[in-house]
Number of protein chains: 2
Amino acid sequence: MLMSSPHRPALFRALGDPTRLAIFELLARQEHSVSELVDKFEVTQPAISQHLGALRSVRLVSTRRSGRHAYYRARPEGLKPVIDWLRHYQNFWPEKLVNLKAVLDKSSKENPHAPRH
Amino acid sequence: MLMSSPHRPALFRALGDPTRLAIFELLARQEHSVSELVDKFEVTQPAISQHLGALRSVRLVSTRRSGRHAYYRARPEGLKPVIDWLRHYQNFWPEKLVNLKAVLDKSSKENPHAPRH
DNA sequence: TAAATGTATAAGCAATGGCTTATTGGTTGT
DNA sequence: ACAACCAATAAGCCATTGCTTATACATTTA
């Protein structure tokens, strides 16, 4: 049976913990085994495994077993609900306020510290 | 002094509660007074005020006072850190995995939660 | 087989979060 | 002035969360 997409609050909640978000960001850059992740954070292995379980439960990461190692990587598609949600607002917010496509089109190197008000 | 943008985990956390996310979504569609929000949810006025305080603390909403009423509305710019974060991934994820622009270009009818006009 | 290794799960604990009722402060209307 | 009203804050309660240590399970290695 096809698994349903996690509810948006659950997705946001999964990303709402600093350690867990950092883990996700590492896994977005490249696959890591659990023990590799343990080496990179100040928490114990069970804590890492629990964070991975939380990320897995909202389908933000996938896992692959090889021998006694478990390799995790981010699932970019897992962010689709967030993207859809932003697109949703795109439809009824004044374009000038947040033009998602324009933002996404921008080169990432331009003014990372642009003023906000 | 210029206020700094909230850290991403804090932003995600603010959106990670179902009631608070629903409040934000209402405020994204149109301005509401606190008492109007109270009428739309099953929680008490203090609970609503606390959620609004949480959203305000990460700059996702702004407030305007008029007489004894306080009117809140969403701040689309408050979502910019989320958009920037997604764009960030755009730069090092294989395009086929999550082409944000493509997703944003898709017709909204395949989105089960498309906005009512 | 036994020991070591990698990971997941169990159990418990302190901190946090979201709610409630009670109260306060500020504004409007009589 | 007083009462009614709107919203924010205080204080307390209970559920959840993120961590820990202890343990279980599977795999590899000696």
Side-chain angles (χ1 to χ4, degrees), chain A residues 3 6-27 30-75 78, chain B residues 3 6-27 30-75 78:
Chain A
M3 197 168 219
H7 292 144
R8 274 181 294 256
L11 240 183
F12 285 130
R13 182 177 285 277
L15 298 169
D17 175 78
T19 303
R20 202 155 50 226
L21 181 59
I23 290 174
F24 177 77
E25 290 179 346
L26 264 185
L27 296 179
Q30 73 177 78
E31 189 179 70
H32 287 74
S33 70
V34 175
S35 48
E36 286 168 347
L37 291 173
V38 170
D39 291 343
K40 302 215 175 200
F41 292 90
E42 301 266 301
V43 297
T44 61
Q45 174 267 313
I48 297 290
S49 280
Q50 287 158 19
H51 282 307
L52 291 170
L55 292 170
R56 215 173 34 215
S57 76
V58 295
R59 315 202 64 206
L60 278 171
V61 300
S62 62
T63 189
R64 166 177 81 82
R65 281 209 148 269
S66 174
R68 45 188 174 186
H69 294 260
Y71 294 96
Y72 283 80
R73 62 172 64 191
R75 291 184 68 253
Chain B
M3 196 167 217
H7 292 143
R8 274 183 292 259
L11 240 183
F12 285 131
R13 183 177 284 275
L15 298 169
D17 175 78
T19 302
R20 201 154 52 226
L21 182 58
I23 290 174
F24 177 77
E25 290 179 345
L26 264 185
L27 296 179
Q30 72 176 77
E31 191 180 68
H32 287 72
S33 70
V34 175
S35 48
E36 284 167 348
L37 291 174
V38 170
D39 290 342
K40 302 214 176 204
F41 291 90
E42 301 267 304
V43 296
T44 61
Q45 174 267 314
I48 296 291
S49 280
Q50 287 159 18
H51 282 307
L52 290 170
L55 292 171
R56 213 173 35 218
S57 77
V58 294
R59 316 200 65 208
L60 278 171
V61 301
S62 62
T63 188
R64 167 177 79 81
R65 282 208 149 269
S66 174
R68 45 189 172 186
H69 293 261
Y71 294 96
Y72 283 79
R73 64 172 63 194
R75 291 184 66 254

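Letters A, B, ... mirror the listed sequences (proteins, then strands); counts begin at 1.
- For the pair Arg56(B) (side chain) and Val61(B) (backbone), a donor-acceptor distance under 3.5 Å is absent.
- The interatomic distance linking Leu55(B) (CG) with dG18(C) (P) rounds to 11 Å, in whole Å.
- Taking a heavy-atom distance under 4.0 Å as the criterion, the stretch of DNA chain D touched by chain B extends 5' to 3' from dA4(D) to dG18(D).
- Along DNA chain C, the nucleotide nearest to Thr19(B) and the one nearest to Ser49(A) differ in position, and the one closer to the 5' end is contacted by Ser49(A).
- Side-chain nitrogen and oxygen atoms of Ser35(A) include none within less than 4.0 Å of the OP1 or OP2 phosphate oxygen of dT5(C).
- Side-chain atoms of Arg64(A) do not come within 3.5 Å of backbone N or O of Tyr71(A) as any donor-acceptor pair.
- With hydrogens and angles disregarded, a donor-acceptor distance shorter than 3.5 Å links the side chain of Arg20(A) to the backbone of Ala14(A).
- Here dT20(C) presents its P atom at 13 Å from CZ of Phe41(B), a figure rounded to the nearest Å.
- Atom CG in Leu37(B) sits about 17 Å away from atom C1' in dC19(C), given to the nearest Å.
- Here dG17(C) presents its P atom at 17 Å from CG of Leu21(B), a figure rounded to the nearest Å.
- Remark: P of dT7(C) and CZ of Arg56(A) are 12 Å apart, rounded to the nearest angstrom.
- To the nearest 0.5 angstrom, Gln50(B) atom CD is 12.0 Å from Leu55(B) atom CG.
- If you check every strand for non-hydrogen atoms under 4.0 Å, Tyr72(A) touches sugar and phosphate atoms only.
- Side-chain atoms of Arg8(A) never come within 3.5 Å of backbone atoms of Leu21(B) as a donor-acceptor pair (strictly under, hydrogens ignored).
- In this structure, Arg13(B) places its CZ atom 10 Å from P of dT16(C), rounding to the nearest Å.
- To the nearest 0.5 angstrom, Arg75(A) atom CZ is 13.0 Å from Leu27(A) atom CG.
- Rounded to an integer number of Å, the gap from Ile23(A) CD1 to dT7(C) P is 13 Å.
- Considering all non-hydrogen atoms of both residues, His69(B) and Ser35(B) come closest at ND1-OG, 4.2 Å.
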Where along nucleotides 21-30 of chain C does protein come under 4.0 Å, by heavy atom, of base (B) or sugar-phosphate alone (S), with - for untouched nucleotides?
-> BB----BB--
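- Protein atom NE2 of His51(B) is 12 Å distant from nucleotide atom P of dG17(C), rounded to whole Å.
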Could you walk me through whether Leu37(A) and Ile23(A) pass side-chain contact (heavy atoms from CB on, under 4.5 Å), step by step?
-> CA-CA 7 Å; Leu37(A) 291 173; Ile23(A) 290 174; 4.1 Å; yes
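- With Ser57(B) contributing its side chain and Ala54(B) its backbone, the two residues share a donor-acceptor pair below 3.5 Å.
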